[in-house]
Amino acid sequence: MRIVVHGQQAFGKAVLEALLKRGENIVGVYVAPEKPGQKADPLKEAALAAKLPVFQPASYRKPEVWEEFKALKPDLQVMAFVTLFVPEEFLNIPTHGSIQYHPSLLPAYRGASAINWPIILGEKETGLSIFWPDNGLDTGDVLLQKMTPIGPKDTLGSVYFDRLFPMGVDAMLESVDLVKAGKAPRIKQDEAKATYEGRATADIARIDWGKSWRQIDPLVRGCNPAPGAWTTLDGKTLQIFDIEPLPARDPKGIGGKYGEVVEVSGDGFTVVVPDGRIKVLRVKPADGPKVAAGEWAAAAKLAVGARLA
């Protein structure tokens with residue numbers, strides 16, 4: 001089977017290398033074009049190292065781009081982390097069509113921030129889908145899905161890099177095998193269960209200290225490492241990456257102004273929320289790198305009574 005790999009970044013590279021390792025016939029690689037001054041994409045570097053032809057069209061809507069793709073005589077297009085819109089005219093060129101990775105259990109959490117939102121919204125599990133893309137946004141028929149739990153300490157980083165990334169590579173290989181065997185299903189998505197969430201931006205990631213720790217904790221974890229939950233101190237932005245909720249156990253555990261710092265220690269600082277306290281463990285000031293919160297607090301001379309907003 002003549003396979004074209006389409007994607008970018010580390011995930012696209014991992015999928016390409018896994019397919020090459022087991023001897024698949026890769027006839028071309030499509031990668032998003034670099035912006036001026038940007039270094040080569042890891043997938044592009046891997047493709048060139050393997051002496052594969054690389055294509056980087058700025059748009060997939062042009063007939064000349066379709067003709068270039070047809071010349072490869074592809075049987076299957078494997079799409080790993082594709083950000084540009086690809087129309088059905090291009091998707092349907094391979095003999096067996098195109099399959100794509102999406103890091104959620106479709107039809108839930110369609111959209112570009114499909115890993116962030118299940119964590120932010122307190123879901124207990126998430127997963128990945130390999131699906132047959134169409135002209136909609138993550139609306140095509142599902143080929144297979146894999147699930148993974150979301151633990152109380154999980155972050156965007158741990159869910160993706162520890163699980164959805166390696167699981168996704170394996171799922172891509174499994175899907176290719178199903179296509180080759182003529183056993184790849186096409187399961188219609190249930191539109192009644194579909195959800196779409198917008199991109200998790202910095203606006204979403206701002207911490208409201210007037211909310212429960214039960215809301216703040218998943219927000220911080222779901223935005224770690226990107227876009228990074230944040231607050232302000234004296235008008236300056238402070239990103240917060242790791243926290244420890246300290247739920248109130250009795251009336252003494254409630255009190256103070258929301259966002260007020262009530263303790264500063266060597267390993268962090270503690271902030272008032274309506275139903276207890278939150279201990280901040282790792283931060284990134286606007287003018288510096290990520291550091292332990294205690295280290296930052298000492299350098300910034302953070303004092304009890306300071307107020308985050």
Side-chain angles (χ1 to χ4, degrees), residues 1-22 24-35 38 40-104 106 110-112 114 128-144 164-165 167-180 184 186:
M1 178 176 284
R2 296 171 64 83
I3 297 174
V4 170
V5 173
H6 188 160
Q8 61 192 69
Q9 302 300 333
F11 184 71
K13 176 185 177 183
V15 169
L16 173 63
E17 291 179 339
L19 289 168
L20 288 171
K21 184 176 181 180
R22 68 178 203 173
E24 298 291 350
N25 181 23
I26 311 299
V27 296
V29 175
Y30 279 76
V31 186
E34 297 93 354
K35 296 177 182 177
Q38 187 178 21
D41 187 282
L43 172 57
K44 179 180 179 179
E45 291 181 328
L48 293 175
K51 296 180 170 54
L52 295 170
V54 175
F55 304 90
Q56 295 183 278
S59 170
Y60 290 86
R61 301 175 188 269
K62 299 178 180 179
E64 57 266 31
V65 174
W66 307 343
E67 293 303 318
E68 189 176 56
F69 190 32
K70 287 178 183 177
L72 297 173
K73 298 180 180 179
D75 293 308
L76 179 67
Q77 179 178 204
V78 174
M79 303 175 73
F81 189 33
V82 176
T83 53
L84 287 175
F85 173 72
V86 182
E88 287 184 3
E89 291 90 340
F90 191 91
L91 296 170
N92 295 333
I93 287 172
T95 310
H96 298 285
S98 302
I99 58 175
Q100 184 167 337
Y101 168 86
H102 182 75
S104 84
L106 293 172
R110 294 170 174 169
L128 64 90
S129 303
I130 308 299
F131 71 107
W132 303 90
D134 56 19
N135 276 340
L137 180 63
D138 304 327
T139 56
D141 296 347
V142 173
L143 194 161
L144 64 77
L164 292 184
F165 186 118
M167 287 169 58
V169 175
D170 291 342
M172 275 296 200
L173 298 182
E174 182 179 347
S175 298
V176 170
D177 287 341
L178 288 169
V179 173
K180 289 169 70 175
R186 291 176 178 263

Inset, instruction - Quick one: closest heavy-atom pair of G12 and A80, and the distance? - result: CA-CB, 4.0 Å
Inset, instruction - Take Q8 and T83, measure what side chain to side chain contact (heavy atoms under 4.5 Å, CB included) needs, and give me the verdict at the end. - result: CA-CA 9 Å; Q8 61 192 69; T83 53; 3.1 Å; yes
Legend entry - N92 side-chain N/O to G97 backbone N/O, donor-acceptor pair under 3.5 Å: no
Legend entry - Salt-bridge criterion met for E34 and K44 (N-O under 4.0 Å): yes
Legend entry - Side-chain heavy-atom pair I26, L16 within 4.5 angstrom cut-off: yes
Inset, instruction - Check whether any side-chain heavy atom of S59 lies under 4.5 Å from a side-chain heavy atom of L84, and answer yes or no. - result: no
Inset, instruction - Apply side chain to side chain contact (heavy atoms under 4.5 Å, CB included) to I130 and Q100, showing your working. - result: CA-CA 5 Å; I130 308 299; Q100 184 167 337; over 6 Å; no
Legend entry - D75 side chain vs M1 backbone, donor-acceptor pair below 3.5 Å: no
Legend entry - Under the ring-ring contact (aromatic ring centres under 6.0 Å, His included) test, residues paired with F131 that sit two or more places apart: none
Legend entry - Within-4.5 Å side-chain heavy-atom neighbours: N135 and F85: yes
Inset, instruction - Could you walk me through whether R22 and D177 pass side chain to side chain contact (heavy atoms under 4.5 Å, CB included), step by step? - result: CA-CA 12 Å; R22 68 178 203 173; D177 287 341; 2.7 Å; yes
Legend entry - Aromatic contact, F90 with Y30 (centres under 6.0 Å): yes
Inset, instruction - Let me see the working for I3 and V27 under side chain to side chain contact (heavy atoms under 4.5 Å, CB included), right down to the final yes or no. - result: CA-CA 6 Å; I3 297 174; V27 296; over 6 Å; no
Inset, instruction - Determine yes or no for a side-chain-to-main-chain donor-acceptor pair under 3.5 angstrom, with S104 supplying the side chain and L128 the backbone. - result: no
Legend entry - Ring-ring centroid check F165 F11, cutoff 6.0 Å: yes
Legend entry - Side chain to side chain, L143 and R186, heavy atoms closer than 4.5 Å: no
Legend entry - For K13, salt bridge (Lys or Arg N to Asp or Glu O under 4.0 Å) partners two or more places apart: none
Legend entry - Smallest separation among heavy atoms of D134 and G140, with atom names: OD2-CA, 3.5 Å
Legend entry - Any donor-acceptor N/O pair, S129 side chain to H102 backbone, under 3.5 Å: no
For residues 63-73, please give each side-chain donor-acceptor pair under 3.5 Å, one per line with the distance, not counting sequence neighbours.
{"residue": "W66", "atom": "NE1", "partner": "Y60", "partner atom": "O", "Å": "2.8"}
{"residue": "E67", "atom": "OE2", "partner": "K70", "partner atom": "NZ", "Å": "3.3"}

Inset, instruction - Heavy atoms only: give me the nearest P33-A58 pair and the separation to one decimal. - result: CG-CA, 4.1 Å
Legend entry - Side chains of L144 and L178 in contact at under 4.5 Å (non-hydrogen atoms): yes
Inset, instruction - Drop me the distance from L48's CG to D41's CG, to the nearest 0.5 angstrom. - result: 10.5 Å
Inset, instruction - With the side chain counted from C-beta on, respond yes when M79 and P133 share a heavy-atom pair under 4.5 Å apart, and no when they do not. - result: yes
Inset, instruction - Using atom types as modelled and distance alone, determine if a side-chain donor or acceptor of Q56 lies under 3.5 Å from a backbone N or O of A32. - result: yes
Legend entry - SB check E24 K180 (cutoff 4.0 Å): yes
Legend entry - Closest contact, heavy atoms only, I93 versus P74: CG2-CG, 4.2 Å
Legend entry - P53 and V29, any side-chain heavy atoms less than 4.5 Å apart: no
Inset, instruction - Would you mind reporting whether V4 and V78 have side-chain heavy atoms less than 4.5 Å apart? - result: no
Inset, instruction - Ignoring hydrogens and angles, tell me if any N or O in the side chain of S98 forms a donor-acceptor pair with the backbone of L91 under 3.5 Å. - result: yes
